[in-house]
Amino acid sequence: MAASPIFLCVRNLSMPGHAHPPLDVPAETDTLLAGLNPEQRAAVTAPGSALVLAGAGSGKTRVLTTRIAWLIATGQVSPMGVLAVTFTNKAAREMLTRLSALLPIRTRGMWVGTFHGLANRLLRIHHREAGLPELFQILDVQDQLAAIKRLLKRLAVDSERFEPRRVQAFINAQKEQGLRPALVEAWDPYSRRLLELYAEYEAQCQREGVVDFAELMLRSYELLERNALTRAHYQERFRHVLVDEFQDTSLLQYRWLMLLRRADNALFAVGDDDQSIYAFRGANVGNMARFMQDLGIGEPIRLTQNYRSHAIILDAANAVIAHNVNRLGKDLWTAAGRGEPIRHFEALDDAEEARFVVEEVQDLHREGLPWGGIAVLYRANAQSRALEHALFTAGVPYRVWGGLRFFERAEIKHALAYLRLVANPEDDGAFLRVVNFPARGVGARTLEHLEAAARTQGMSLWQAACQGGARNKGLAAFVALIEDVRAQVRGLPLAETVAVTVERSGLLTHYRGERDGEERLENLQELTNAAVAFAIENETQDLMAFLAHAALEAGEYEAAAHADAVQLMSVHAAKGLEFPAVFITGLEEGLFPHENALVEQDGLEEERRLMYVAITRARQRLYLTHAQSRMLHGQPRWGLPSRFLEEIPTGLIKPIRARSSGSWGAKASPLAPGHASDARTTTGGAPGPTPARRTDYPYALGTRVLHPRYGEGVVAGYQGQGPETEIRVTFPHVGDKWFILAYARLTVRGGVARG
DNA sequence: TTTACAACTGTTTTT
DNA sequence: CAGTTGTAAA
C-alpha cells in the first residue's frame, strides 16, 4: 500500500521549522490584531510560553488561530514549524478553516489535529522505531472491548469476577498515566491478576498488529522518549506548540507535549479549568498548575470578557461555578445587556417536560428564530428518546448528536472488518467479526478448532484457516472470498475498493433480505460516499489512512447534518458550541448531578462544571427544566430538583407554568412536604401512570423522616412499585440510602406517616 | 449450526 | 427498556 501524500510530505525530515522571512501576505499584522481586546492581544503576541485561562465565550479559538497567523505573518515561524493540538476533529477543522481565512497559506501539510490523530501520524511515519507493523490497525472502544473479551475467553478467566469493561477501564487508566504493566504496583491478588491481563492484552495486540486509542498516545510518547534523534528532529521543527482545551489533557498527554519542548520553543496552552469535564477519561486539570510551574509562568493570561451571553445568563453561570472549591478563579463579564430572565419549568414527568420543550421551541420558531438556533441539552444520551418522540410528533425538524455514530454502526463495522482483512488478513479481530457474517456455516465448533490450531502453531486465525485446508466448507469459502477480493481490489482507487469489498462481502444481499435492512443499506452506500469524500479531501487513495480515519473520527457522516433543525445533544457534546436559545433538561438530583458522579472523587465538582458548560452555551434565552418523575429502565423513578437550580440566585429565574389547562407548573420548594399525595391533573395528553401511582407513596418527596439507625433524613425519591418499591432517603452524614419501602422503619417527625 | 426466544442485567459523559 | 447471554428446538 502506497503511503499517502500526507505522510510523504511530513517524511521530509529536513524541513526547517525555524524562523524564516516574513510571508508576503496582504494581511498586515495590525489587521490581524485589530478588534482584539487587550487581554486577547496580550495572549496572541505573548513572547515565549504562556497559559491562557479562557472563559467560555471569551474568544478562545480566535486567539489561538490569530496567534498562529500572527506568528507566521511576522516571520517567527513557518507553517511547518507549528504544532497545534485539539481534542476533537471538529475543533481541528475549525482551526484550519479560520487560519486559511486569515492567511493565504497552504494548510494541508501543517500539523494541526487531535492528540490521537497526530499520534497516529507519528506512528505511521516511525512505525519501525515504534515497534509496529507498517499496517497497524486502530481499535476503537468497541473493538478494544471485543479484543478483551476474546482474551478473557482464551485465558479461561472468570469474566464474572473480571468484567471485560472493568479490565478495559483498568488497562486504559494505566496507559493514560503512562504506565506499562511492569511499572504498575499491585498488592492484592485481584490487582495482580488485572495486571497479568494487561500484560497479556498487550501481547495479543502486538501479535495482531493493533493499537487502541490509549496505546496511540503511549506508543508515540515512548517513541519520542526513547529515540533522541527523532525527538530532536521534532523539537527542532516545532518551534511553536499550541494546545486547545488544555484542561482536558491527561498526564500522558502532558508529558507527550513536554517531550516536544526545547528551551527555545514556545508552548502556548489555552484552557478553562471551569470547563474540565473529562476527568472520567483521564483528564487532569492539575496540568494547568503544573504547566505554570514547569515553565516558570507566574500568572496565566485571563480572558474574562464574554462575547456570547447576556448578563443574566453569565451571572447564573458565575453563581453556580462559585460553589466549586478547586478553581484557579475567574469571573466572566459582558458588555451586553442583562437580557431576559432564565425560565424554569417543573414537569410532572419526562413526557410533559418534552411537550413543554416542543411548545416553547415552536414559539421561538414562530418568533423568527431558525430551528438550528435552538439546542436541547441533557446529561445522558438516553434522555433524548422522550424529546425526540415529542419533536417528531409535532413535526419539528431535529437532529440528534452523539449516540451511535456512523462508523460505530454494526453494518459499518462489518464492512470495515472486511476492509481490514483486505488490508491485512492477519487481523484476528476483523476475522472473527465477519468470518460468519453473513452466516456461512462457520459455527462455534469450527472456530474452536481454528483457535486451537492457531494457538499451538503461534499463528493468526487467517494463517490457520489457510493451512487447515477446507475442513469446513464455509471456512474455505470465506478464505477464498477474502483472497479473491484482495486480488480484485489491488491497484483500485479507494472508493472502488470500498464499493467492491462491500458488494462482494454479501452484506448488501444480507440486509436486502432483512425487515429493517433499509437504513443499513443506505449506511453501506454512505460508506462508499465517505470514502470518496475522504479521498478527495486528503488527496490519498490509501486504505489504511481511511481505516484510521474511520476509527479516529467516528461521527460526522450523518445525512442532513446541515439542515435547519433543532439540535439535541448531551452537555458534553455541546462544549464549544453556542446557541441563541438553550434548554437544559432533566435537572434532577441523581441525573444532573448524576448519582454515579456523587460517589466519585471530586465528582460533584465535575458535575457542576458540566452545568457551567451547559449554561454558558446560551446567548440570549435559557430554559431549565426538571421532571418530578422520569422513566428509567422501564420504571418510573422520582427525584428532587437538582441542587444546581438552587445555586442560581432566584432573582434571575422566572418560573413558568404549564400553559395547557388544569396543569401545574410553578416552581416548588424542594423541601416543602406534602405534595406527593395531591391528586393532580396534567396537560391534555395522556399523563401516563403518574398521578395514580403517586398516591401510593406514603411520604412526599422532601419529607423529613427518622430512621432508627441513620437518624433524620429527607425523602429523595422512589423506584419501582408494589411490594418491591424502594425509597431513597438522603442523610446529612451518610448520604443517600435505598430501602425497601415495606421494611424501612421510617417515621415522620410529628407523627406516623400514612401508608 | 442456526435460529428463536427467554432470562438477565446494567444503565454518564467520549477522543 | 434494550442489549446481551444462555438454552432449547429445528
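Below, read A as the first sequence line, B as the second, and so on, with proteins coming before strands; counting in each chain starts at 1. The analysis underlying the following values was restricted to heavy atoms, covering all of them including side chains, and did not include hydrogens, waters or symmetry mates.
When distances are taken from the side chain of A/R445 to each of B/dT1, B/dT12, B/dT15, the shortest belongs to B/dT1. Taking the side chain of A/A439 as heavy atoms from C-beta on, and the options C/dA2, B/dT3, B/dT15, the nearest nucleotide is B/dT3. Distances were taken from every side-chain heavy atom of A/N436 (C-beta onward) to each of B/dT14, B/dT15, B/dT2; the shortest belongs to B/dT2.
A salt bridge links A/R630 to A/E588: at least one charged side-chain nitrogen sits closer than 4.0 Å to a carboxylate oxygen.
One finds no side-chain N or O of A/K575 lying less than 4.0 angstrom from the OP1 or OP2 phosphate oxygen of B/dT15. Between B/dG10 and A/R165, no contact under 4.0 Å exists linking OP1 or OP2 to a side-chain N or O. For the OP1/OP2 pair of B/dT12 and a distance below 4.0 Å, the side-chain nitrogens and oxygens of A/S570 include no atom meeting the criterion.
A cation-pi contact, defined as under 6.0 Å to the ring centre and within 45° of the axis, links A/R124 to A/F136. A cation-pi arrangement, defined by a distance under 6.0 Å to the six-membered ring centre and an angle within 45 degrees of its axis, is absent between A/K575 and A/W401. Cation-pi check for A/R290 over A/Y254 is met; the charged atom lies under 6.0 angstrom from the ring centroid and within 45 degrees of its normal.
Each of A/Y278 and A/T446 was matched to the nucleotide of DNA chain B holding its nearest heavy atom; the match closer to the 5' end belongs to A/T446.
One atom, CG of A/N596, and another, P of B/dT11, lie 9 Å apart when rounded to the nearest Å. B/dT14 atom C1' lies 15 Å from atom CG of A/D143, rounded to whole Å. Computed from coordinates, the A/L610 CG to B/dT12 C1' distance equals 9 Å when rounded to whole Å.
Using a 30° and 60° split on the angle between ring planes, A/H572 and A/Y278 fall in the tilted class, from 30° to 60°.
Here A/H116 does not count as stacked on B/dT15, because the ring centres are not under 5.5 angstrom apart with planes under 30°.
In the region residues 375-384 of chain A, proximity to DNA chain B at under 4.0 angstrom, judged on heavy atoms, holds for A/R379, A/A380, A/N381.
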Solution key, residues 112-119 of chain A side-chain donor-acceptor pairs under 3.5 Å, sequence neighbours excluded:
from: A/T114; atom 1: OG1; to: A/G117; atom 2: N; distance (Å): 2.8

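With sequence neighbours excluded, the residues satisfying side-chain contact (heavy atoms from CB on, under 4.5 Å) with A/N523 are A/F406, A/R409, A/E411, A/I412, A/E519.
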